[in-house]
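The block underneath contains the structure these notes are about, expressed in structure tokens.
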Amino acid sequence: MVQQMEKNYNPKDSEQKTYSFWEEGGYFTPEVDEKKKPFTIMMPPPNANGALHAGHALFATLQDIMTRYHRMKGDSSLWLPGADHAGFETQVVFDKKLEKEGRRRHEIPKEELLKEMMDFTLSNKATMESQLRRLGASCDWSRAKFTLDKDIIDTVYSTFEKLEKDGLIYKGSRLINWCVKHQTSLSDLEIKYEERTDPLYYIKYGPFKLATVRPETKFGDTAIAVNPKDERYKKYVGQDVEVETVLGKARIKVIEDESVDMDFGTGAVKVTPAHDFADYETWQRHKDEIPGPKIVIDRYGRMNEMAGPYAGMKIGEAREKIVADMIKKGLLDEKEIEHNYKHNVAVCFKCGSVIEPALMDNQWFVKMTEKPKSGGLSLRDLAVKAVKEENIKFIPERFEKIFLQWMENLRDWNISRQIPWGIPIPGDKKQVFDTWFSSGQWPFAALKGAKKGDFEYFYPTTVMETGADIIFFWVARMVMLGIYVTGQAPFKYVYLHGLVRDKDKQKMSKSKGNVVDPLGVVELHGADALRMALVFANSPGADIAFSEEKITAQRRFANKIWNAARFVLSATEKTEPNKNPQARTQADKDILETLEKIAKEMAKDIDNFQFHEAAQKIYQFFWHTFCDVYIEESKKQMAREQGNTEQILLYVLRESLKLLHPFMPFITEEIYQMLPNKEAKALIIEKWPCRKD
RNA sequence: GGACGGUUAGCUCAGUUGGUUAGAGCGCCGUGCUUACACCGCGGAGGCCGCAGGUCCGAAUCCUGCACCGUCCACCA
């Protein structure tokens, strides 16, 4: 056995064999066992539209550490894997692919398109699954779920029906965020703001002068609003004033509204309810006094027939023409244009196109702040209550405040999308659900569909481990929908990790070319080195600067473990057991005592989600306490035939492998299989050394 | 505009309820191929713990203010 051990550890040869050994042994598949404590993690289902990236490697590592630790602690440990069809995200990726091939989405018959997209998604899903295996993820593949599985869709539909019955769903004509490029509505979370410098025009408007950056929306004006406290305009309030526009004369009503800032521009503002969120709300407050929204821009970002001679022009072009015509007609004084006006513009978070607030029919919304008809709290309040009463705890704690703050000012959730890819909305042929509406049900939906009895036993789950960047998109929705549907918060802890950045702390992105492919790292240095590098010296919630040096440092550690084992196995090969069981040197006592202490501390660290602490402790212990001190001492002791050094070497090695296993599963299992003193068939199901908590 | 995070050795970062000479990895300097490992061992240099106050017997750790970097939320024409 020992003679077969190479001088240097070579992960490539063994990792995949070891993984098959575990998977075939059924060690990832827990039983429903009332005598055991359940430990459950739902894997955040990766988007099945590409390969795994460094962020996936991080979550796989952290979740695997917890799962392996709890499995060794004797809990019935389920880590349920999955894949997400990822509606809009996948649509964007797929549209780009089509574009490269010179094709267009709307030129392909829908059925054909959907089939092609499904093939694309399933093939990505298969790739991801094999990549997760390479990372050592000990998740239960026999329970794997996909967000387009029939039973998941059924659950999504039944939740939708429940919401409808409770009066929490409404369908209507509402102003939504419209992406002109992707031809779909987006939720408030899917837009971001960019600072732009645009001209601010002071337009003559009857007796008023109005400041605006978007003169082209003027044709959609239905009122002029002023602040009730503004003495300058008091005399016009309530009147229809005559105004001249580039299209001729018209009459428009002047109203009072608190929201108008007297100090901005001229203190008078045009109200364009069809193309501006604030104006839409203004109209809602003055429905009886002023006409409703007048649409002047179509869904392709062009002026419609309401714009007279400008009809058919794109927004930018129309704006230029209109401004020029206004100047000609004396409706705009060139000197009064403020050219360097800085303001924020809403853009699509994927493509950066300007978001057009658009009035669309048949949009589905979920009411966030209204109580359901059947009684109880609103979705928002259910979530707030659960967090405030500590049924759900955030790690790190500060995310609790961020979560609650976001909950405070929630608007209704637009759950309809006009893309083909997704779960169709029942009875609505042209729209699908926002993908987060289905993934927001992931914990209970996946458990209900996995195996009989799973939901009852494994729900609520223990930990939701995911990226801090999707706390609103996903975590918030899971909390609300989870409690609403099942009556219980879907998880007890939310552990949030940061972003994996490159060595200069830059965001990884394809365009920058600084993306680290985790599978390439595995190929080169082994999965254990990658995993250890990701947890070592990284505290919860913090971003990680990821570098080659960190990985090689851990590869060296793996090599150290390998060689320590090589030494221990060869040194103890020929010894008789219990040669001199009574005698223990001070060095023997010290190492055993330290081991005990380390095991206890590590358990506490992992229980408290301080994985980096646990990783550093075992690293320190193994390398510097065990190898540098004890192994060196043991050589002297063996030369003197003093004590029972050989047994202690084997014992400490075996116990160390247990402590290391959640972090570096492959090398530890491989060495464990060579031990003469192993206690179980596999290290993965060994007992954690810490006897008491 | 609002909230939050960071600022500790050359670099990347730990430091969990405040307590003896502040730690790690990489890097650097010196040295050793001692029969596990040179992907190593041994020894060493290097830190007014962002700045200014305050609380305390005692503060990197708690409080106040400031500076710089970063993140998130909101978004008024």
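Chain A is the first sequence line, chain B the second, and so forth, proteins listed ahead of strands; every chain is numbered from 1.
For A:Gln405 against B:A74, no side-chain N or O and base N or O form a donor-acceptor pair under 3.5 Å. Between the side chain of A:Lys617 and the base of B:A14, no donor-acceptor pair of N or O atoms lies under 3.5 Å. For B:C37, its base never sits under 3.5 Å from the side chain of A:Asn559 at any donor and acceptor pair. Between the side chain of A:Lys560 and the base of B:C37, a donor-acceptor pair under 3.5 Å is found.
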Criterion ring-ring contact (aromatic ring centres under 6.0 Å, His included) on A:Phe663 and A:Phe536, from CA distance to verdict: CA-CA 10 Å; A:Phe663 301 88; A:Phe536 205 77; 9.4 Å; no
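The CG atom of A:Asp543 sits 15 Å away from the P atom of B:G5 (whole-angstrom rounding). Distance A:Lys342 NZ to B:C75 C1': 17 Å, rounded to the nearest Å. As rounded to whole Å, 7 Å separates atom P of B:C75 from atom CG of A:Asp188.
Taking the six-membered ring for Trp and thresholds of 30 and 60 degrees, A:Phe622 and A:Phe557 have ring planes more than 60 degrees apart, a perpendicular arrangement.
Of the side-chain N and O atoms in A:Lys503, none sit less than 4.0 angstrom from OP1 or OP2 of B:C26. Phosphate contact (OP1/OP2 of B:A36, side-chain N/O of A:Lys635, threshold under 4.0 Å): present. Residue A:His624 places at least one side-chain N or O under 4.0 Å from the OP1 or OP2 atom of B:G25. Proximity of A:Ser539 to the phosphate of B:A14: a side-chain N or O atom is located under 4.0 Å from OP1 or OP2.
A:Ala533 and A:Lys550 make their closest contact through CB-O, 3.7 Å (heavy atoms, listed as atom of the first residue, atom of the second, distance).
Residue A:Ile631 is classed as a base contact, given a heavy-atom separation below 4.0 Å to a base. Among the heavy atoms of the strands lying under 4.0 Å from A:Phe472 are primed sugar atoms or P, OP1, OP2 only; no base atom is included.
A 3.5 Å limit on both hydrogen-bonding distances identifies B:A24 as the Watson-Crick or G-U partner of B:U12.
More than 12 heavy atoms of other residues, nucleotides or ligands lie within 6.0 Å of CD in A:Glu338, so this atom counts as buried by the packing criterion.
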